[in-house]
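For the numbers below, each heavy atom of this structure counts, side chains included, while hydrogens, waters and symmetry mates do not.
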Amino acid sequence: MWELVKAGGWPMLPLIVLGVLGVAIILERLWTLRRNEVLPPGLGQEVRSWAARGRLEPAHLQTLRDNSPLGALLAAALEARNRPREQMRERIEDTGRHLVHRMERYLPALSTIASAGPLLGLLGTVIGMIQMFLGLMDHGAGDVSQLAGGIGKALVCTATGMAVAIPALIAHRYFRARVSGYVVEMEKEAAALMDALDGRPAVLAAAAAAAKPADAKGAAPVQQPARS
């Protein structure tokens, strides 16, 4: 293995760094973008129950904001509850843009790794081929098997670049799709909360019905979701 790394030359060093960085980003995003971390189950219904019961103290809003990205979006809607619906929608959209930016953290770097990996690999191969042919000019063709072995070693960089880029590209597309799915669900929860704040009877009745068991046991603020 070490012989192949040495055969690839100095372009193998940045390729190895990119590979390690790509793996670190993929693991970090897999942990951060867990569904229970972004969209805690039942949080939207619980917040609509708050709205139906008028439990909108600052302490509840701060707990909700710190709970998750969905909680931060719903807290923004509750903070703008006394404004016209259009202003409330603008506040939700502004908060949503910040949340999307936070969920897409490091994804541009992952895209760069996917793009730069093959180029660095090709650069290393070209450098190796140039060095090999310059050696042929000085010493002659010699053994054909040695020539084939030299070409094979030069292609190590290309193979390494692709090995780095392919997982990074797949992970980048996967995380972008996951964030897009989360955004759609967060928009649905925000729209349902806006309807509840507008006082639509069907929504308020459903929220009040869901709140009755909680009232029997005593209301409690949103709890931090369990870490998986």
Side-chain angles (χ1 to χ4, degrees), residues 15 17-51 60-81 85-120 161-197 203 221-228:
L15 282 173
V17 172
L18 288 181
V20 173
L21 184 59
V23 170
I25 292 174
I26 291 171
L27 293 177
E28 190 274 340
R29 289 292 90 187
L30 282 173
W31 179 260
T32 302
L33 295 179
R34 288 170 295 158
R35 184 176 183 82
N36 288 346
E37 281 290 309
V38 180
L39 302 172
L43 180 61
Q45 180 62 51
E46 185 173 359
V47 173
R48 290 193 293 274
S49 299
W50 285 9
H60 285 82
L61 295 183
Q62 185 60 44
T63 301
L64 181 62
R65 187 180 298 106
D66 297 337
N67 180 272
S68 61
L70 175 60
L73 189 69
L74 298 180
L78 292 176
E79 288 175 342
R81 62 187 179 276
R85 187 181 178 95
E86 287 303 317
Q87 293 185 14
M88 188 188 304
R89 185 186 301 276
E90 291 176 1
R91 179 66 178 272
I92 292 174
E93 290 175 352
D94 290 341
T95 304
R97 281 192 290 269
H98 291 290
L99 293 173
V100 170
H101 178 74
R102 190 169 71 186
M103 287 189 289
E104 291 183 345
R105 188 182 183 188
Y106 302 132
L107 294 191
L110 202 59
S111 177
T112 301
I113 292 172
S115 300
L119 295 177
L120 276 173
M162 290 182 178
V164 169
I166 292 173
L169 178 61
I170 294 173
H172 178 263
R173 297 287 178 86
Y174 171 73
F175 289 133
R176 287 293 299 271
R178 177 179 282 194
V179 170
S180 297
Y182 287 159
V183 169
V184 171
E185 296 189 47
M186 290 166 66
E187 288 175 349
K188 290 180 181 179
E189 293 291 349
L193 179 58
M194 290 174 66
D195 291 342
L197 292 173
V203 178
V222 173
Q223 300 295 323
Q224 193 72 14
R227 302 276 176 178
S228 58

Is there a side-chain contact between Q62 and D66 in this structure, where contact means two heavy atoms from C-beta onward sitting under 4.5 Å apart?
yes
Counting C-beta onward and ignoring hydrogens, is there a side-chain heavy-atom pair between L43 and S68 closer than 4.5 Å?
yes
Does the side chain of Y174 come within less than 4.5 Å of L30's, by heavy atoms?
yes
Heavy-atom nearest pair, P40 first then N67, reads CG-OD1, 3.3 Å
Salt-bridge contact E185-R35 (side-chain N to carboxylate O under 4.0 Å)
yes
So I25 and H172, do their side chains get closer than 4.5 Å, heavy atoms only?
no
Closest heavy-atom pair and its distance - A77, L197:
O-CD1, 4.0 Å
Would you call R48 and E189 a salt bridge, taking side-chain N to carboxylate O under 4.0 Å as the test?
yes
Using a 4.5 Å cut-off on heavy atoms from C-beta on, say whether the side chain of R102 contacts that of L99.
yes
Going by heavy atoms in the side chains, are V38 and L70 under 4.5 Å from each other?
no
Measure across G117 and L15 and return the closest heavy-atom pair with its distance rounded to 0.1 Å.
O-CD2, 3.5 Å
Do the non-hydrogen side-chain atoms of L78 and L193 ever get within less than 4.5 Å of each other?
yes
Could you check whether any side-chain N or O of Y106 sits under 3.5 Å from a backbone N or O of E28, counting only pairs where one atom can act as donor and the other as acceptor?
no
Could you check whether R34 makes a cation-pi contact with W31, meaning its NZ or CZ is under 6.0 Å from the centre of the six-membered ring and within 45° of the ring axis?
yes
Give a yes or no on whether a salt bridge exists between D94 and R89, defined as a side-chain N under 4.0 angstrom from a carboxylate O.
no
Is the shortest heavy-atom distance from the side chain of L73 to the side chain of E187 under 4.5 Å?
no
Step through the shown structure and confirm whether more than 12 heavy atoms of other residues, nucleotides or ligands are within 6.0 Å of CZ on R91.
yes
